[in-house]
Protein chains: 2
Amino acid sequence: MLVACFDMEGVFLPEIWIEVSKITGIKELALTTRDVQDYDELMLGRLRLLDQHGITIDKIQEVISTIKPVEGAREFLDWAKSQCQLIVLSDTFYEFAKPLMPALGWPTLFCHNLTLAPSGRIENYNIRIKDPKRRAVLSFRDLNFRTFACGDSYNDVSMIQEADHGCFFRAPENVLADYPNYSGYTSFDELREVLTGLISSNSELERV
Amino acid sequence: MLVACFDMEGVFLPEIWIEVSKITGIKELALTTRDVQDYDELMLGRLRLLDQHGITIDKIQEVISTIKPVEGAREFLDWAKSQCQLIVLSDTFYEFAKPLMPALGWPTLFCHNLTLAPSGRIENYNIRIKDPKRRAVLSFRDLNFRTFACGDSYNDVSMIQEADHGCFFRAPENVLADYPNYSGYTSFDELREVLTGLISSNSELERV
């Protein structure tokens, strides 16, 4: 009884802010935590930029809806959902992710949300919980599931470490170098093999 | 940020054991906890009956694959997945549920599993955890989601009580009479209204 947890951006989708920056031409929206280390400062800066350019939630959802999933992502998701229970754990916001969910087949998604004004202005962002990915994996373990976690970046490390099995997917060299105990894969075929191996391995659970 | 938890049999599907009993003609398979109060005795009896009739996992999956979802279930599930995060909490077993999942659109399912022999004989059943439905709802609350729970029977009461919002769906009169504080609905349109009301109500969460 396996719950497989996947990061979303960098695995199934390109990075949403970078795509929004490209499409809108607002270069500063491509800044990441590598450039601005304080996440709150980064996010409030992004929301200020949207405001300055008069970009409401409707406009940004229109932009986001043109983003395409990574090649092979949908096929992998459909396959994985037939093999185990799949949950997407992301640090994005429901209002940004929603236009992309049809193309991914509406997987279960745990992320954060936004505070919107009736005008559509994005007033603030709400982090659902601290360390949300690790906390979710821990919950599934507490519910007596075997867990698998996979992502591409530093914010995925704690869930990969918390899970019974974990790996990186298309992670940058520095991430792989910092966590050499975890394998890094680059194709969905490899992920299929990893999951198939986990599912076929002896998974009998004790009666609780 | 709402996680909606639904029971499966009685809500989206007919009762699997009763259908299997009808299709196979093995009347005793229709016995429920109303007839045999000890669940372990009931389940071991069912597995013994399957054995006596030479019904392996392949055969029972073939039988189960002919069961049709309740009318309107798939449309409701597709709609609900676009409105909130939906998890099906069931006391069935993954190996029984699997043939029915394509017709339901592969929702995330938390249930139990079976121990199978290489021959396909069902050797035993494994309860993943005690009070699994309530425990799952509690986990989602701990992850700072608002929660909604809905089912048709006594084994749904603890999750309905644990959730922020809960109701019965197509529950028998005795269940409704025993828990008069919870509404009982009978159509998917009513459930849509309930969910829509919850989602549109102010759901701003504090920063954690």
Side-chain angles (χ1 to χ4, degrees), chain A residues 1-4 40 77-89 93-95 97-99 101-102 105-116 123-146 199 202-208, chain B residues 1-4 40 77-89 93-95 97-99 101-102 105-116 123-146 199 202-208:
Chain A
M1 288 186 278
L2 184 76
V3 169
D40 190 56
L77 281 161
D78 286 349
W79 172 84
K81 283 199 277 187
S82 76
Q83 302 295 313
C84 61
Q85 302 311 304
L86 182 145
I87 314 260
V88 177
L89 302 179
F93 304 93
Y94 283 115
E95 294 82 356
K98 194 169 178 179
M101 289 297 103
W106 294 101
T108 299
L109 170 66
F110 287 4
C111 64
H112 309 291
N113 77 350
L114 300 171
T115 303
L116 304 173
E123 298 198 320
N124 213 336
Y125 69 99
N126 310 296
I127 295 298
R128 198 183 72 250
I129 195 172
K130 277 189 194 168
D131 204 2
K133 299 187 184 208
R134 189 186 67 77
R135 288 282 303 269
V137 168
L138 189 57
S139 287
F140 303 137
R141 292 190 63 175
D142 282 346
L143 293 173
N144 206 19
F145 285 105
R146 276 200 307 161
I199 292 160
N202 193 322
S203 65
E204 174 132 1
L205 292 165
E206 290 166 36
R207 297 277 185 95
V208 180
Chain B
M1 289 185 280
L2 183 75
V3 169
D40 190 56
L77 281 161
D78 287 348
W79 172 83
K81 282 198 279 187
S82 76
Q83 302 297 314
C84 61
Q85 302 311 303
L86 184 146
I87 313 259
V88 177
L89 302 179
F93 305 93
Y94 283 115
E95 294 81 355
K98 193 168 180 179
M101 289 296 104
W106 294 102
T108 299
L109 170 65
F110 287 4
C111 64
H112 309 291
N113 77 350
L114 300 171
T115 302
L116 304 173
E123 296 198 323
N124 213 335
Y125 70 99
N126 310 296
I127 296 298
R128 197 184 73 252
I129 195 173
K130 276 188 194 169
D131 204 3
K133 299 187 184 208
R134 189 186 66 77
R135 288 283 302 269
V137 168
L138 189 57
S139 288
F140 302 137
R141 293 190 64 174
D142 283 347
L143 293 173
N144 206 20
F145 284 105
R146 275 200 307 160
I199 291 160
N202 193 320
S203 64
E204 175 132 0
L205 292 165
E206 290 165 36
R207 297 276 186 96
V208 180

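When reading the values below, keep in mind they use all heavy atoms of this one structure, side chains included, and skip hydrogens, waters and symmetry mates. Chain identifiers are assigned alphabetically (A, B, ...) following the order of the sequence lines, protein sequences preceding nucleic acid strands; residue numbering begins at 1 within each chain.
The aromatic rings of A:F145 and B:Y94 lie tilted to each other, with the angle between the two planes from 30° to 60°.
One finds the NE2 atom of B:H112 at 11.0 Å from the CG atom of A:N144 (value rounded to the nearest 0.5 Å). Distance CZ/B:R141 to OG/A:S139: 13.5 Å, rounded to 0.5 Å. Interatomic distance, CH2 of A:W106 versus CG of B:D78, reported as 10.0 Å (0.5 Å rounding). With rounding to the nearest 0.5 angstrom, the CG atom of B:L109 is 11.0 Å from the CE atom of A:M1.
Taking all atoms of both residues into account, the shortest heavy-atom contact from B:L86 to A:T108 is O-OG1, 3.6 Å.
With a 4.5 angstrom heavy-atom cutoff, B:P107 touches chain A only via backbone atoms. Looking at B:F110, both its backbone and its side chain come within 4.5 Å of chain A, counting heavy atoms on both sides. Of the atoms belonging to A:C84, not a single heavy atom falls under 4.5 Å from chain B. Using a 4.5 Å cut-off between heavy atoms, B:I87 contacts chain A through its side chain alone, with no backbone atom that close.
A donor-acceptor pair under 3.5 Å is formed between the side chain of B:K98 and the backbone N or O of A:S82. In terms of modelled atom types and a separation under 3.5 Å, the side chain of B:R128 and the main chain of A:L143 share a donor-acceptor contact.
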